[in-house]
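These figures come from a predicted structure and were not determined experimentally. Protein chains get the first letters and strands the later ones, always in sequence-line order, with residue 1 at the start of each.
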There are 2 protein chains.
Amino acid sequence: MKLSTKGRYAVTAMMDLAIHDHQGPVTLADISQCQGISLSYLEQLFAKLRKEGLVEGVRGPGGGYRLGRPSSQISIAEIINAVDENIDVTRCLGNKDCHGGEKCLTHQLWEDLSGRLYGFLDNLTLASFINRPEIREVSRRQDTIASRIATMFPPRPTIGGTTVVAGAAC
Amino acid sequence: MKLSTKGRYAVTAMMDLAIHDHQGPVTLADISQCQGISLSYLEQLFAKLRKEGLVEGVRGPGGGYRLGRPSSQISIAEIINAVDENIDVTRCLGNKDCHGGEKCLTHQLWEDLSGRLYGFLDNLTLASFINRPEIREVSRRQDTIASRIATMFPPRPTIGGTTVVAGAAC
DNA sequence: TAATTCCCGACTGAATTACTTGGTATCTTA
DNA sequence: TAAGATACCAAGTAATTCAGTCGGGAATTA
């Protein structure tokens with residue numbers, strides 16, 4: 001279990017998808033602009049997320065990324081693991097037994113801690129974050145702003161039946 | 001909140017101190033040898049831990065490091081924070097408001113998550129790991145092995161009144 | 001057909017990690 | 001008092017990871 005800004009990028013991007021799930025796919029260009037992450041870097045992260053089935057891509061105009069599963073079935077731990085791919089085995093594990101046969105005590109303790117941490121993050125789903133009323137409220141307000149912008153700036157109000165959302169709302 | 005191998009090194013080293021607390025200070029040379037971490041790198045980590053009051057150094061022969069407080073009053077979060085010093089502010093925070101005044105929604109959500117994670121790790125103390133009976137048992141067995149080694153190999157059986165522990169037990 | 005988007009791989013600068021070297025200061029024991 | 005053990009300190013360095021750039025496809029929609 002590792003936790004870096006890379007993992008944070010992935011988690012916040014996934015939250016973005018989860019929030020706008022009902023409006024069709026979200027483009028990486030949007031996320032890139034909103035969160036100030038470079039587009040190509042996001043592409044690399046999403047390649048990993050896609051490999052784990054956490055997201056699915058939709059090509060062509062009106063395309064973007066969607067959650068691979070309902071947000072209630074995606075845990076924070078999964079997201080972090082997908083991008084951080086941290087096998088990070090403690091050094092002495094297969095290496096040499098630290099003191100004649102039994103596994104190094106402190107490494108055992110670390111695995112214990114690591115397991116507890118994973119359990120904690122695996123119990124937190126995307127849904128548990130975005131389904132809180134105050135979040136829903138802000139998100140709803142942004143949708144109306146976004147659709148107002150979408151109607152103010154001209155063309156292509158719908159694509160494939162779903163309403164297009166202006167890129168600025170995040 | 002960040003979590004890397006650096007943090008892991010610090011946590012396992014602190015667990016080491018906690019386990020051998022009753023036997024007087026533990027030298028960095030011991031920890032270095034046991035856990036396969038370079039001595040000077042450990043020194044750098046311990047400099048930070050010392051700055052936070054988590055450990056205290058004892059110079060001279062028979063010296064080493066001791067916990068700065070009882071293990072029941074040292075949390076995992078404190079240890080990780082001490083060495084990772086990760087201020088890691090989300091990019092848009094003071095920068096520019098993402099959408100006209102209110103704080104970016106996903107960054108708000110991240111802070112929420114980050115806070116929960118910190119809370120979790122702050123509730124885990126060193127003591128909660130090492131005071132479990134099976135750990136105490138292994139640790140006790142190692143002590144006897146260590147003291148047996150200490151009596152087999154000759155000199156300086158005691159320093160300052162406390163029994164010297166051979167370096168190999170970890 | 002043209003625009004839009006995902007998809008892919010190679011490369012690059014910057015930061016961080018983990019380690020090295022070469023010291024100095026303080027303490028304990030003989 | 002001398003010698004050795006240990007913490008303490010600072011500068012430098014190779015390897016790794018982070019984050020981004022570039023230059024292209026391939027699929028989809030209007």
If you assign each of B/Lys6 and B/Leu39 to its closest nucleotide in DNA chain C, which residue comes earlier from the 5' end? B/Lys6
Take the protein atom [atom1] of [X] and the nucleotide atom [atom2] of [N], then report the distance between them rounded to whole Å.
{"X": "B/Tyr9", "N": "C/dT16", "atom1": "OH", "atom2": "C1'", "answer": "14 Å"}
{"X": "B/Leu42", "N": "D/dA7", "atom1": "CG", "atom2": "P", "answer": "10 Å"}
{"X": "B/Phe46", "N": "C/dA18", "atom1": "CZ", "atom2": "P", "answer": "15 Å"}
{"X": "A/Gln44", "N": "C/dC11", "atom1": "CD", "atom2": "C1'", "answer": "11 Å"}
{"X": "A/Tyr41", "N": "C/dC8", "atom1": "OH", "atom2": "P", "answer": "18 Å"}
{"X": "A/Leu3", "N": "D/dT17", "atom1": "CG", "atom2": "C1'", "answer": "15 Å"}
{"X": "A/Leu45", "N": "D/dT17", "atom1": "CG", "atom2": "P", "answer": "15 Å"}
{"X": "B/Arg66", "N": "D/dT6", "atom1": "CZ", "atom2": "C1'", "answer": "14 Å"}

With a 4.0 Å cutoff (strictly under), does any side-chain N or O of [X] reach OP1 or OP2 of [N]?
{"X": "B/Lys2", "N": "D/dT17", "value": "no"}
{"X": "A/Thr5", "N": "D/dC18", "value": "no"}
{"X": "A/Ser4", "N": "D/dT17", "value": "no"}

Do [X] and [Y] come close enough that some side-chain heavy atom pair is under 4.5 Å?
{"X": "A/Ile19", "Y": "A/Val26", "answer": "no"}
{"X": "B/Leu117", "Y": "B/Leu3", "answer": "no"}
{"X": "B/Val83", "Y": "B/Leu49", "answer": "yes"}

What is the nucleic acid contact for [X], judged by heavy atoms within less than 4.0 Å: base, sugar-phosphate only, or nothing?
{"X": "A/Thr27", "answer": "sugar-phosphate"}
{"X": "B/Tyr65", "answer": "sugar-phosphate"}
{"X": "B/Leu28", "answer": "sugar-phosphate"}

Please identify each residue that fulfils salt bridge (charged side-chain N to carboxylate O under 4.0 Å, His left out) with B/Lys48, with sequence neighbours left out. B/Glu85
Which residues satisfy the side-chain hydrogen bond (donor to acceptor under 3.5 Å, both in side chains) test with B/Thr125, sequence neighbours excluded? none
Who passes side chain to side chain contact (heavy atoms under 4.5 Å, CB included) against A/Glu52, sequence neighbours left out? A/Leu54, A/Ala82
Sequence neighbours excluded, which residues qualify as side chain to side chain contact (heavy atoms under 4.5 Å, CB included) partners of A/Asn123? none
Strictly by salt bridge (Lys or Arg N to Asp or Glu O under 4.0 Å), give each pair with a member in residues 113-129 of chain A just once, sequence neighbours left out. A/Asp112-A/Arg116
Just to be sure I understand the geometry, which residues of residues 48-60 of chain A put a non-hydrogen atom under 4.0 Å away from DNA chain C? A/Arg50, A/Gly57, A/Val58, A/Arg59, A/Gly60
Estimated bend of the helix from C/dT1-D/dA30 to C/dA30-D/dT1 (axis per five terminal pairs, rounded to 10 degrees): 20°
N/O donor to acceptor pairs below 3.5 angstrom from side-chain atoms of residues 56-73 of chain B, sequence neighbours left out:
residue, atom, partner, partner atom, Å
B/Arg69, NH1, B/Gln73, O, 2.6
B/Arg69, NH1, B/Glu78, OE2, 3.3
B/Arg69, NH2, B/Glu78, OE2, 3.0

What about B/Glu43: does its side chain form a donor-acceptor pair under 3.5 Å with the base of D/dC9? yes
Could you work out, with ring pair (Phe, Tyr, Trp, His ring centres under 6.0 Å) as the rule, every residue matching B/Phe120, not counting sequence neighbours? A/Phe120
